[in-house]
Amino acid sequence: MILLLLLIARIFANDIPEQVHVAVGAYPGLIQFTWSTRLSTPTSAVRIGLNPSYLKYYYGTSNTFTNGTNSWVIHTANATLYPGATYMYQVGCILTNFSQVFKLTVPPSTGSSSTYLIYADLDIGLDGNLSWTEIGNRWPQLNIDAVIHMGDIAYDLSTDYGTWGDAFMNSIQPVASSVPYMVCVGNHEGDDNYVNYLARFAMPNNQFYYTWASGYVRFLAIDTETIVQQASDLTEMIGYIQNVLNRTQADKEAYPWLVVYGHRPFYCLSTQKKKSCGSESRLLQSTLESLFYTYNVDLYVNGHVHNYERTTPVYQEKVMGSGGSGNVYIDPLATIYVTTGGIGADGNNYDIDTQGVPSWLAAQDGNLSYSVFTAFNATHLFWQQWETGKNKTSDEFWIIKGSSAFAEQ
Ligand SMILES: *[C@@H]1O[C@H](CO)[C@@H](O)[C@H](O)[C@H]1NC(C)=O
Ligand SMILES: *[C@@H]1O[C@H](CO)[C@@H](O)[C@H](O)[C@H]1NC(C)=O
Ligand SMILES: *[C@@H]1O[C@H](CO)[C@@H](O)[C@H](O)[C@H]1NC(C)=O
Ligand SMILES: *[C@@H]1O[C@H](CO)[C@@H](O)[C@H](O)[C@H]1NC(C)=O
Ligand SMILES: *[C@@H]1O[C@H](CO)[C@@H](O)[C@H](O)[C@H]1NC(C)=O
Ligand SMILES: *[C@@H]1O[C@H](CO)[C@@H](O)[C@H](O)[C@H]1NC(C)=O
Ligand SMILES: *[C@@H]1O[C@H](CO)[C@@H](O)[C@H](O)[C@H]1NC(C)=O
Ligand SMILES: *[C@@H]1O[C@H](CO)[C@@H](O)[C@H](O)[C@H]1NC(C)=O
């Protein structure tokens, strides 16, 4: 028996779990852990505790994932944890071996300030690595509670039999193992019919559209690909979106900020993506904009266009109210749309269009950059656009709500 266990331990000794990442589950405090090993293990377990002397075990499941010659066993397990708390954990198997020790901070529940790192279109080329290395260096100061990556992941997850996906997942591991890494689909995930994407990420609800909440913010992720392709029935997703947005009205006190994100823009300017900023963005508008307006969505955030842009409060291409002055929006009368697709998609940045700029455009920048925003409380949200390599922001704005003393004329 002992010999057998020693033999098992030996076989698995070099099969150390990698590509470790976490995501929020169906309710605050539910965390989904995902990791990969080459061999299948008798159990898939997370060993976790607030301190190393008291550890709890949570068990999950695994699936074999094969992309040509590249084969992995991808494990997932859920744990119910305290929002806001910091844990030490390992992933692996109780009979073979566990990973190194990771540290995880669970996003806070309502009533706390919270901060998010948000971007789309990140590869592992020169530009992407430049931004990502900087984020790694600045991580201790940033105080990020969760990361949101709105599609176009690794360019592509499936490239070279998924080995690019493996390299990408390992490069984000230091961050994605320590706070939730929330994703949605972009056009590049569709390149292998979402097979790599679906195998590698677990999200609440499903990996195409879902909702979660933390701090003062309710998030809703949407799948813009299905809408622009007009290929399948949208009834189910639109029903879900409407239902979530409607439910938020009752929970405004807990989550006063409503942030929707997806890959593609509803409003944008681009020299390279005329269709995305033309017929396709108008299709997204006609499908969902009236719901965003009716249910007071504060921000819609996207990528796809490889730059940074923000709008005034806008509805049906019209600036609403005064449009806000400069960098402050006080009680905005419609959703503000932000494109943040400029973190680094190699050789394909610096896309700004200065021709025929519409009145709803409030700011635009084509340098490499990524976004960080903080919802301090029920009334103040602050956005910063960090310019890679410059140690400064290229744009900042505030949204201030519900303060009659400031009410817009
Ligand atoms: C278990 O994994 C660790 C790394 O996580 C490794 O250093 C160690 O050698 C492994 N031990 C066994 C018995 O396989
Ligand atoms: C984890 O929880 C999610 C709901 O958030 C569920 O869909 C999923 O099946 C669970 N995973 C495991 C391994 O139990
Ligand atoms: C970027 O970083 C990843 C992961 O560290 C690495 O695999 C890749 O080769 C790097 N890309 C370049 C162009 O150096
Ligand atoms: C696997 O890799 C190949 C080649 O890199 C790619 O064409 C294919 O779509 C990938 N996906 C799956 C699920 O096999
Ligand atoms: C919205 O929610 C309310 C309850 O808060 C319900 O009465 C109403 O039917 C819902 N509307 C839609 C369109 O789902
Ligand atoms: C990059 O930022 C500089 C200011 O720091 C600005 O002058 C320039 O126009 C920006 N480039 C693009 C492509 O937006
Ligand atoms: C909300 O946060 C802002 C920014 O930190 C601060 O100025 C304001 O006083 C806060 N409001 C309340 C009610 O705490
Ligand atoms: C970035 O700027 C801040 C203050 O503006 C400064 O304290 C810090 O040292 C700078 N960091 C680098 C790497 O230059």
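Start at 1 and go down the list; that is how both ligands and their atoms are numbered.
Atoms of ligand 5 found under 4.0 Å from any heavy atom of Gln242, numbered from 1 in the order shown, are 13 (C). Against a heavy-atom cut-off of under 4.0 Å, Asn129 is close to the following atoms of ligand 3: 1 (C), 2 (O), 3 (C), 8 (C), 10 (C), 11 (N), 12 (C), 14 (O). Less than 4.0 angstrom separates some heavy atom of Leu126 from each of these atoms of ligand 3: 13 (C). Applying the 4.0 Å criterion to heavy atoms of Ile352 picks out, from ligand 6, the atoms 14 (O).
For the residue pair Asn70 / Thr163, no side-chain donor-acceptor distance below 3.5 Å is found, with atom types taken as modelled. Neither side chain, His75 nor Ser36, offers a donor N or O lying under 3.5 Å from an acceptor on the other.
Under the 4.0 Å criterion applied to side-chain N and carboxylate O atoms, Lys273 and Asp351 are not assigned as salt-bridge partners.
Residue, atom and distance of the protein heavy atom nearest to atom 2 (O) of ligand 5 are Asn246 ND2, 2.3 Å. Protein heavy atom closest to atom 12 (C) of ligand 6, with residue, atom name and distance, is Gly366 N, 3.6 Å. The closest protein non-hydrogen atom to atom 7 (O) of ligand 3 is Ala167 CB, 4.1 Å.
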For the pair Tyr89 and Phe33, evaluate ring pair (Phe, Tyr, Trp, His ring centres under 6.0 Å) and give the outcome as yes or no after the intermediate values.
CA-CA 10 Å; Tyr89 73 95; Phe33 296 78; 4.9 Å; yes
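Between Tyr261 and Tyr210, the two ring planes are perpendicular [angle over 60°; tilted spans 30° to 60°]. Under the 30°/60° scheme for interplanar angles, the aromatic rings of Tyr197 and Tyr194 are found to stand perpendicular.
Every N/O-N/O distance between Gly125 and ligand 3 stays at or above 3.5 Å. Polar contact check, Asn367 against ligand 6: a nitrogen or oxygen pair lies under 3.5 Å apart.
Note that atom 9 (O) of ligand 3 has no protein non-hydrogen atoms nearby, at separations under 4.0 angstrom. Counting protein heavy atoms under 4.0 angstrom from atom 4 (C) of ligand 6 gives zero. Within 4.0 Å of atom 14 (O) of ligand 6, at least one protein heavy atom is present.
Across all their heavy atoms, Ser158 and Asn196 have their closest contact at CB-ND2, 3.3 Å. The nearest pair of heavy atoms linking Val22 to Ser177 is CG1-O, 4.2 Å.
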